[in-house]
Asker: 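This is the structure I want to talk about, given as structure tokens.
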Amino acid sequence: MKITKVWINEKVKRCIACGLCELIAPEVFKVTNKTFIKENVDYDLYGVEISEAIEGCPQDIIHIETVN
């Protein structure tokens, strides 16, 4: 599967800027007072790290879009 999009969904819960996602995948995530997804990143190079960030996110707000 190819990762085509990574985003933060804060419709129900807010990012608490814990920094875990940036610690796991600094090439993809940037945390200041909230979390940002870096632009122009080949997400497929960091699929394992992105999956770990999704699993570790205490707010469950990191999502991905994939295609086969």
Side-chain angles (χ1 to χ4, degrees):
M1 288 190 297
K2 178 176 177 54
I3 300 173
T4 57
K5 183 179 178 182
V6 179
W7 76 95
I8 304 296
N9 182 354
E10 294 186 297
K11 290 183 180 180
V12 176
K13 295 181 182 177
R14 289 266 184 225
C15 175
I16 59 172
C18 68
L20 182 63
C21 58
E22 184 177 27
L23 181 66
I24 294 170
E27 302 85 2
V28 178
F29 301 97
K30 176 69 178 164
V31 179
T32 55
N33 59 344
K34 65 182 284 185
T35 301
F36 299 93
I37 308 299
K38 293 183 177 180
E39 295 183 18
N40 302 315
V41 174
D42 183 351
Y43 301 126
D44 288 327
L45 296 176
Y46 307 103
V48 171
E49 292 88 346
I50 292 169
S51 293
E52 288 177 10
I54 289 169
E55 290 176 24
C57 179
Q59 296 296 85
D60 294 321
I61 60 173
I62 302 171
H63 300 278
I64 60 172
E65 183 176 287
T66 61
V67 296
N68 290 329

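These values consider heavy atoms only, across backbone and side chains, with no hydrogens, waters or symmetry-generated copies.
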Asker: If you look only at pairs with a residue in residues 57-67, which of them pass as a side chain to side chain donor-acceptor pair (under 3.5 Å), with sequence neighbours excluded?
Answerer: Thr4-Glu65

Asker: Test of understanding: clusters of I, L, V, M, F, W, Y form through side-chain heavy atoms closer than 4.5 Å, transitively. Do Ile54 and Val28 belong to the same one?
Answerer: yes

Asker: Does anything in residues 11-34 pair up under ring-ring contact (aromatic ring centres under 6.0 Å, His included), and if so which pairs, sequence neighbours excluded?
Answerer: none

Asker: Distance check, rounded to the nearest 0.5 Å: Ile37 atom CD1 versus Cys21 atom SG?
Answerer: 7.0 Å

Asker: List in chain and number order the residues that pass salt bridge (charged side-chain N to carboxylate O under 4.0 Å, His left out) with Glu10, two or more places apart in sequence or in another chain; answer none if no residue qualifies.
Answerer: Arg14, Lys34

Asker: Linking Ile, Leu, Val, Met, Phe, Trp and Tyr through side-chain heavy atoms less than 4.5 Å apart, which residues share a cluster with Met1?
Answerer: none

Asker: If you take all heavy atoms of Ile62 and Cys57, which pair is closest and at what distance?
Answerer: CD1-CB, 4.0 Å

Asker: Taking distance alone, no hydrogens or angles, what donor-acceptor pairs closer than 3.5 Å link side-chain atoms of residues 40-50 to residues at least two apart or in another chain?
Answerer:
| unit_1 | atom_1 | unit_2 | atom_2 | d |
| --- | --- | --- | --- | --- |
| Asp42 | OD1 | Asp44 | N | 3.2 |
| Asp44 | OD1 | Ile3 | N | 2.8 |
| Asp44 | OD2 | Lys2 | NZ | 3.1 |

Asker: Hydrophobic cluster membership, with links at side-chain heavy-atom distances under 4.5 Å among I/L/V/M/F/W/Y: are Ile8 and Val31 in one?
Answerer: no

Asker: Can you name the closest pair of heavy atoms from Thr32 and Ala17 and give their distance?
Answerer: O-CB, 3.8 Å

Asker: Enter the distance from Leu20:CG to Glu55:CD here, rounded to the nearest 0.5 Å.
Answerer: 11.0 Å

Asker: Please enumerate all residues that pass salt bridge (charged side-chain N to carboxylate O under 4.0 Å, His left out) together with Lys30, with sequence neighbours excluded.
Answerer: Glu22

